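The next block holds one structure in the form of structure tokens; read it before the comments.
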Amino acid sequence: MIIQLTKGISEQEINAIHEKLAAINHKGTEVKTQIGHYIIGIGKGEFDIRNLGNTSGISDIHMVSDDYKLVSKKWKVNPTVIDLGDGVTIADGGLALMAGPCSIESEEQIKKVIDHLVANGVKIMRGGVFKPRSSPYSFRGMGIDGLKMWYELARAAGIKIVTEVMQVSQIEEMYDYVDIYQVGARNTQNFNLLDELGKIDKAVMIKRGISGTVEELLYSAEYVFSGGNEKLILCERGIRTYERASRNTLDLNAVPILKAKSHLPVVVDPSHGIGIRQYVPAMALAAVMSGADGIIFETHEIPEKAFSDGQQTLNFEESSKLIKQLNQTFELRNSF
Ligand code: PEP
Ligand code: MN
């Protein structure tokens, strides 16, 4: 169960709730986020909710049968909207577009991508400065200096930044320069990282694990939320299956399922999802029709020269065409 607490609840009142929970064999965990204050009660067995209902300091009690609680739609029917400031939002009724290279490579490259995004009305730029690579000999990113340079250029153009954080020690050094921390597919179940991201007040986008289930993605989000951060976005980026014809299998089934199970926004990454440039647009459009709140895709001026993931990266012409089609498809979806 989720017990919503009143603002300014006293320590005494909190203790009294814990005692009442203990009396019905429930363990209470206190969660304080930027937005709310809760006690999550976990336990087995029947009890009469009236035992708790008239306790002072409680504003509401929600019985949530899902094993994850705070990210469940069973207690919060209204969708979570992510507000990045300056009118840039995710899941407030529009389609959020995030585009940019796999890796941040140079000042010149950043400028070119920013010009491309501005010309096409895209407000959020993706890019990696810390790159998780399968081989240690591949390009591993420009690091924090690359992020600082990117930040200056992006801010001047009114562009927000989404970039991957790979380890706990990077959270603080990145803090002033990111709008959305991305948790990569290889880190979805790095619970230390998730715990620490719960302590900050910036948005976090969690990618689905390479072999992760929908439920595991929701549990990962629950870690961040229960750590204190409600600003969460879920990202379907394809899973590893027996199929070798594509890099991953983009599981668009997950989109309506996640939307039904959780109040959090769902973004789809067709670039990593299929991994083949010429098929990325088709999967991006399909993702919009599946109900996604946003699309994140890779673009680069000359994909053949990209330091990473060039094979799945759109050039600017392809990207501009896709952005138009995405917006048209979103309008079509809204007309149903
Ligand atoms: C990326 O976004 O470039 C990336 C490495 O993604 P993923 O974690 O989904 O593989
Ligand atoms: Mn990539």
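As the structure lists them, so they are numbered: ligands from 1, and atoms in each ligand from 1. Please read all numbers here as calculations on a predicted model, not as lab measurements.
- Nearest non-hydrogen protein atom to atom 6 (O) of ligand 1 is K207 NZ, 3.0 Å.
- Ligand 1 has an N or O atom lying under 3.5 Å from an N or O atom of A185, backbone or side chain.
- A cation-pi contact links K202 to Y175, judged by a cut-off of 6.0 Å to the six-membered ring centre and 45° from its axis.
- When hydrogens are left out, the protein atom nearest atom 9 (O) of ligand 1 is R237 NE, 2.6 Å; that is the closest non-hydrogen contact.
- With no hydrogens or angles considered, no side-chain donor-acceptor pair links K324 and S320 at under 3.5 Å.
- Polar contact check, H272 against ligand 1: a nitrogen or oxygen pair lies under 3.5 Å apart.
- Summary: OD2 is the N/O/S atom of D309 found nearest to the Mn ion (ligand 2).
- Rounded to 10 degrees, the OE2-metal-SG angle spanning E298 and C102 at the Mn ion (ligand 2) equals 100°.
- Taking the six-membered ring where tryptophan is involved, the planes of H263 and F225 are perpendicular, since the angle between them exceeds 60° and thus also 30°.
- Each of the following atoms of ligand 1 lies closer than 4.0 Å to a heavy atom of C102: 3 (O).
- Not a single N or O atom of D269, backbone or side chain, sits closer than 3.5 Å to an N or O atom of ligand 1.
- Near G184, meaning under 4.0 Å from any of its heavy atoms, are these atoms of ligand 1: 8 (O).
- For ligand 1, the atoms lying closer than 4.0 Å to a non-hydrogen atom of Q182 are 1 (C), 2 (O).
- With no hydrogens or angles considered, no side-chain donor-acceptor pair links S10 and Q12 at under 3.5 Å.
- I159 and I296 end up in different hydrophobic clusters when Ile, Leu, Val, Met, Phe, Trp and Tyr side chains are linked at under 4.5 Å.
- At a 4.0 Å cut-off, not a single heavy atom of G128 sits close enough to ligand 1 to count as contact.
- No side-chain donor-acceptor contact under 3.5 Å links D309 to the backbone of Q312.
- The hydrophobic clustering, which links ILVMFWY residues whose side-chain heavy atoms are closer than 4.5 Å, places V204 and L264 together.
- Distances from atom 2 (O) of ligand 1 to the heavy atoms of R208, E298, R126, E164 put R126 nearest.
- With a 4.5 Å cut-off on side-chain heavy atoms, R208 and I239 count as touching.
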